[in-house]
Amino acid sequence: MRQQSISGLRGVHAGSCHAWTLPADATCATVARQVFRDAVSEAGLEPDLLDDCVLMASELAANTLHARAVAGTGGGGDRLVSVAPDMGGEPVTSAGPAPLDAAGPADVAGPPDAATLADPATWTRPGCPELWLYLRGLGIRRELVCKVFDCYRGWRHGAAPSAARVPAHAVTGRGLQIVHELSGGRWGYHLTRARLGGRGLRGKAVWFAVPAPLAHARLVDATGLRAYTLSADVTATRADERLSARQAAGELEAMLAERGFGGRLVRTDQPASDTSVLSVCHGLTVRCRSGVVSLTTPEGGLEWWDYADLVEAAEQTVRRYEELELSEDGEDLVAAEA
């Protein structure tokens, strides 16, 4: 995971999740727009798609203000809500409110100046929203994932929004409706933990994903970038395949430790069979073997990823753990309408 200053990155790189803290005030959407546009300037997005993504990132950031206001008045849901997985297989879930450890700075009028944008320390503190960007998949399956985290796990009306009824159930309906339409339904939400605002700070992430090929499609034939793209994908794949199970498990262990799991993980390495196992809690196990990461849940569920997607594997492990914790605390798992 890489923490960035507001203007400190041009390009999102595979294998890392880039994270920024957003101000917990009316300027958060402005900051999110600038961060997103600067960060993905070299991701090969079509201009129209880039504009849509900037708008979606802005709406996700603005959504955290409504969540924060609801949390401050004691509102929101108290049940874990599960919605059927979307076409990409990532479940969309949310849950009841989590306590806010610290209040954000007071609202300010107007957009932040350049000096403020360059130094997030001047306006951030634990509990502020966070913007995350990372890549998953390779080649034509490659996606750019944008997630906005807030430390309030509930929703305004108690039930989490579904794709079929976004306006009626969202913290703020119009914003998520825009995200739903512009992403073609490729969005969702899930329980998770902060990356920057305090180790182990719980909350939810609302996300969208868009196709992100390595090269601009319209330049392929004219410049030979198609061959370069294929070569880059092959190079990345081979680099991941050269990772041993022990190395892959070590990277996952470090990612999970950054999220507050450092004292909980039990790791077993079996070099002879190129196998490593991370036990997160009873029944929740991550296994690395022969270039594949698999996650087994207490219910017997199995998810898997290539070593190229260790960031995604770690994030989904955190999500599964958070869901289990709430379930064990007596929260009901309620199926929402698809």
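By convention here, the first residue in the shown sequence is residue 1. The figures that follow rest on heavy atoms only: side chains count, while hydrogens, waters and symmetry mates do not.
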Please lay out, stage by stage, how Val145 and Phe208 fare under the test side-chain contact (heavy atoms from CB on, under 4.5 Å). CA-CA 6 Å; Val145 182; Phe208 68 85; over 6 Å; no
Tell me, with the steps shown, if Leu22 and Cys128 meet side-chain contact (heavy atoms from CB on, under 4.5 Å). CA-CA 6 Å; Leu22 298 175; Cys128 285; over 6 Å; no
Take Phe36 and Leu133, measure what side-chain contact (heavy atoms from CB on, under 4.5 Å) needs, and give me the verdict at the end. CA-CA 8 Å; Phe36 189 97; Leu133 293 173; 3.6 Å; yes
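- Between the side chains of Tyr307 and Gln247, no donor-acceptor pair of N or O atoms lies under 3.5 Å.
- Of the possible polar contacts, one joining the Asp25 side chain to the Thr27 backbone as a donor-acceptor pair under 3.5 Å is found.
- The existence of a salt bridge linking Glu130 and Arg195 is excluded, since no basic side-chain nitrogen approaches an acidic carboxylate oxygen closer than 4.0 Å.
- A salt bridge does not link Asp274 to Arg246: none of the charged side-chain nitrogens sits closer than 4.0 Å to a carboxylate oxygen.
- A heavy-atom distance below 4.5 Å is not found between the side chains of Met56 and Glu59.
- Side-chain contact check for Arg287 versus Leu278: every heavy-atom pair is 4.5 Å or farther apart.
- Residues Gln316 and Glu312 form a side-chain contact, since some pair of their non-hydrogen atoms from C-beta on lies under 4.5 Å apart.
- Follow the hydrophobic side-chain contacts under 4.5 Å out from Val277 and you never reach Val286; the two are in separate clusters.
- Remark: Cys288 SG to Asp269 CG distance equals 9.0 Å, nearest 0.5 Å.
- Of the possible donor and acceptor atoms, one in the side chain of Ser183 sits under 3.5 Å from a partner among the backbone N and O of Val179.
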Please report the C-alpha distance between Gln270 and Ser276 in whole Å, then the side-chain angles of each, then the deciding distance to 0.1 Å, and finally whether the side chain to side chain donor-acceptor pair (under 3.5 Å) criterion is met. CA-CA 6 Å; Gln270 301 172 357; Ser276 290; over 6 Å; no
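- When every heavy atom of Leu131 is checked against every heavy atom of Ala32, the shortest pair comes out as CD2-O, 4.2 Å.
- Here CD of Gln177 is found 10.0 Å from CG of Leu182. Values are rounded to the nearest 0.5 Å.
- No side-chain heavy atom of Ser294 sits under 4.5 Å from any side-chain heavy atom of Trp305.
- Ion pairing of Arg319 with Glu315 is absent here, as no side-chain N (NZ or NE/NH1/NH2) approaches a carboxylate O to less than 4.0 Å.
- Across every non-hydrogen atom of Leu65 and Cys28, the tightest pair is CG-SG, 3.7 Å.
- You'll find the side chain of Leu324 reaches within 4.5 Å of the side chain of Cys281, heavy atoms only.
- Within the model, atoms CZ of Arg33 and CG of Leu55 stand 8.5 Å from one another, a figure rounded to the nearest 0.5 Å.
- Looking only at distances, no side-chain donor or acceptor of Arg186 sits under 3.5 Å from a matching main-chain atom of Ala209.
- Looking only at side-chain heavy atoms (C-beta outward), Leu60 and Lys147 stay at 4.5 Å or farther from each other.
- A distance of 11.0 Å separates OG of Ser58 from CZ of Arg37, quoted to the nearest 0.5 Å.
- Looking only at side-chain heavy atoms (C-beta outward), Val318 and Met255 stay at 4.5 Å or farther from each other.
- Aromatic ring pairs are classed by plane angle as parallel below 30°, tilted from 30° to 60° and perpendicular above 60°; the pair Trp132 and Phe149 is parallel.
- No side-chain donor from either of Arg320 and Thr317 sits under 3.5 Å from a side-chain acceptor of the other.
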Using the side chain to side chain donor-acceptor pair (under 3.5 Å) rule, take Arg259 and Thr192 through it: C-alpha gap first, then chi angles, then the decisive distance, then the call. CA-CA 9 Å; Arg259 314 290 287 281; Thr192 189; 2.9 Å; yes
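- Contact detail for Ala314 and Leu256: the closest heavy-atom pair is O-CD2, 3.8 Å.
- Within the 4.5 Å cutoff, the side chain of Val148 has no heavy atoms near those of the Val206 side chain.
- Taking every heavy atom of both residues into account, Leu45 and Pro211 meet most closely at CD2-O, 3.5 Å.
- Arg289 contributes no side-chain N or O that, together with a main-chain N or O of Thr275, makes up a donor-acceptor pair within less than 3.5 Å.
- Classification of Glu322 and Lys204 as a salt-bridged pair fails, no side-chain N sitting under 4.0 Å from a carboxylate O.
- Judged purely by distance below 3.5 Å, without hydrogens or angles, the side chains of Arg193 and Tyr321 never pair a donor atom with an acceptor atom.
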Show your working on side-chain contact (heavy atoms from CB on, under 4.5 Å) between Leu144 and Leu135 and close with a plain yes or no. CA-CA 5 Å; Leu144 173 67; Leu135 299 171; 3.9 Å; yes
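- A cation-pi arrangement is found for Arg136 relative to Trp207, the charged atom lying closer than 6.0 Å to the ring centre and inside a 45° cone about the ring normal.
- Here the shortest heavy-atom pairing between Leu310 and Ala248 reads CD1-O, 4.2 Å.
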